[in-house]
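Below: the structure, in structure tokens.
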Amino acid sequence: MSDKEPSIKPWGGRFSEPTDQFVERFTASVSFDQRLYHHDINGSLAHAAMLEKVGVLTAAELADIQRGLEEIRAEILAGTFEWSVSLEDVHMNIEARLTDKIGITGKKLHTGRSRNDQVATDIRLYVRDELALICKELSRLQLGLISLAKREAKTIMPGFTHLQTAQPVTFGHHMLAWNEMLERDFSRFQDCGTRLNQCPLGAAALAGTTYPIDRHYSAELLGFDRPTENSLDSVSDRDFAIEFAAAASLLMTHLSRFSEELVLWTSAQFKFIELPDRFCTGSSIMPQKKNPDVPELVRGKVGRVNGHLVSLLTLMKSQPLAYNKDNQEDKEPIFDIIDTVKDCLKAYADMVPAITVNDAITREAAMRGFSTATDLADYLVRKGLPFRDAHEVVGKSVAYGLAENKDLSEMTLEELRTFSSDIEADVFDVLTLEGSVNARDHIGGTAPKQVLAAAERAENRLNKRS
Ligand code: ARG
């Protein structure tokens, strides 16, 4: 990046001395906002086309601007464009280059526009495109989860509350719980995308412009639903970025919870699952180690995304209307959220379908911890006992099982009947792990039949996405 001094600023007319060199670097954003070049050029093309439509630019001037901007896009893509810190940001770098290329007509592009509505447009366009990519990757992860759920619809594992064995569940059911969270994340991103899809162009610096502009036209050219309603709000609003960050934070929170389970489940103590070697790393000192680095990193990365959400909220807090330079600080958090979320989604969308489940171990784990105790209590209720009395009877049989190191299903009928004479031979239908999960046979329940039906509904929802 060049740093020529002294620099001539596009806004330099009223100044009597050059900008202090440190201040120039301190106030510049080009090092990071050059990422917006593609959307900045598209915004300028729409603005220029609108100016021509209303008679502010001639057709020949528009053609020059279009050619110049496309050449600049090609230079940037090719890496030959020279970014200059003294030109402050992506907007002025591109505009200055346009004037270099096409002469005086380049200086007409900014008619009826300000960098304030320009940047508000660019960042909306950028987030809108990235949202689409994020939603695509999220859908891919959901597909992976659903396929894993189908594959393991019958696999028994312990379900936990307080991380203590609670009741048996199916592995597929557990995966679909994650899918539900991601489904809500998806709809939050969509919702944010709908609200941000209004075009600020024409708000100019803050109050609108005196030219006979057609805001509907430029909005339409850029694929926005409509122009924004209020010029002051248009240049100062960053709600969409905050909503996006909040949706991303929730997604990352979900991924971090999921990660925590994957880390636990791959440990020697659980051994519920295996992650493919290509998603793990070794230790430089302990030869036996296979570390679940990918889930650990995803779990850790929620920190930076939450941090960016707080940055954006704090950045907007107490800002008076309308545009303030504070808003330049929105970009790095937004960009980092996008990079982080996309990387995490890619890693998980690639990894999740390749998870293998040690079903013998998950089944054995469900056998320990008296996971069918509630089923025995429900059985006694069906035999006429009030639930609290049934709870007491089962509590005693669990105490006996603990002393004898036996699961309820491993006790003889005689042993069980010492706790209640209501217990009969049919008790074993409910004490088995399969009996327990099969009995939870309602929408939202863990029965394999229900898991397969839920997976199909989830798949149908996914297929309806455009
Ligand atoms: N780089 C600036 C930003 O990101 C562009 C808008 C500058 N506007 C101004 N009035 N200084 O916010």
Side-chain angles (χ1 to χ4, degrees), residues 1-3 7-15 18-20 22-44 46-47 72 76 81 83-98 107 109-130 196 199-209 222 228 230-242 244-245 308 311-338:
M1 203 170 301
S2 79
D3 205 351
S7 56
I8 312 292
K9 307 290 183 194
W11 39 253
R14 61 100 71 209
F15 288 79
T19 317
D20 177 277
F22 166 74
V23 171
E24 186 164 89
R25 185 176 62 70
F26 184 67
T27 52
S29 53
V30 66
S31 63
F32 50 86
D33 71 9
Q34 56 181 267
R35 207 198 254 233
L36 294 172
Y37 77 90
H38 179 65
H39 300 91
D40 191 69
I41 289 173
N42 289 346
S44 290
H47 178 66
I72 291 171
I76 298 171
F81 187 93
W83 297 100
S84 156
V85 175
S86 65
L87 286 168
E88 205 173 312
D89 54 29
V90 61
H91 323 292
M92 293 202 294
N93 268 268
I94 291 178
E95 193 190 318
R97 180 75 184 127
L98 183 67
K107 296 187 179 175
L109 172 63
H110 214 50
T111 314
R113 182 175 79 166
S114 148
R115 278 183 296 154
N116 298 352
D117 60 342
Q118 188 177 356
V119 72
T121 304
D122 291 4
I123 195 90
R124 280 173 192 250
L125 288 172
Y126 183 81
V127 172
R128 189 178 73 183
D129 277 359
E130 293 295 331
L196 77 69
C199 186
L201 272 186
L206 75 164
T209 176
L222 292 169
T228 48
N230 180 291
S231 64
L232 294 167
D233 179 47
S234 306
V235 293
S236 76
D237 165 40
R238 294 294 182 274
D239 292 9
F240 64 89
I242 296 176
F244 168 67
H308 295 321
S311 296
L312 290 169
L313 283 166
T314 312
L315 160 67
M316 289 313 291
K317 181 194 167 296
S318 313
Q319 263 199 51
L321 286 171
Y323 175 85
N324 301 283
K325 184 78 166 180
D326 314 40
N327 287 352
Q328 182 163 290
E329 285 289 305
D330 65 353
K331 282 164 209 67
E332 287 163 294
I334 294 174
F335 296 158
D336 191 62
I337 291 172
I338 288 169

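We count ligands from 1, going down the list as the structure has it; atoms in each ligand are counted the same way. Just so we're clear, the structure is a prediction, and the values are computed from it rather than from any experiment.
Side-chain contact, Asn93 with Gln34: no donor N or O sits under 3.5 Å from an acceptor N or O. If you check the side chains of Thr209 and Arg113, you find no donor sitting under 3.5 Å from an acceptor.
Under the rule for a side chain to side chain contact (heavy atoms under 4.5 Å, CB included), the partners of Gln319 that lie at least two apart in sequence or sit in another chain are Leu315, Met316, Asn324, Asp326, Asn327. For His39, the side chain to side chain contact (heavy atoms under 4.5 Å, CB included) partners at least two apart in sequence or on another chain are Leu125, Tyr126, Asp129. Every side chain to side chain donor-acceptor pair (under 3.5 Å) that Thr228 has, sequence neighbours left out, goes to Arg215, Ser234.
Atom NE2 in His110 sits 5.5 Å away from atom CD in Glu95 (nearest 0.5 Å).
Within 4.0 Å of ligand 1, heavy atoms belong to protein residues Ser29, Asp33, Asp89, His91, Arg115, Asn116, Val119, Tyr323, Gln328, Lys331.
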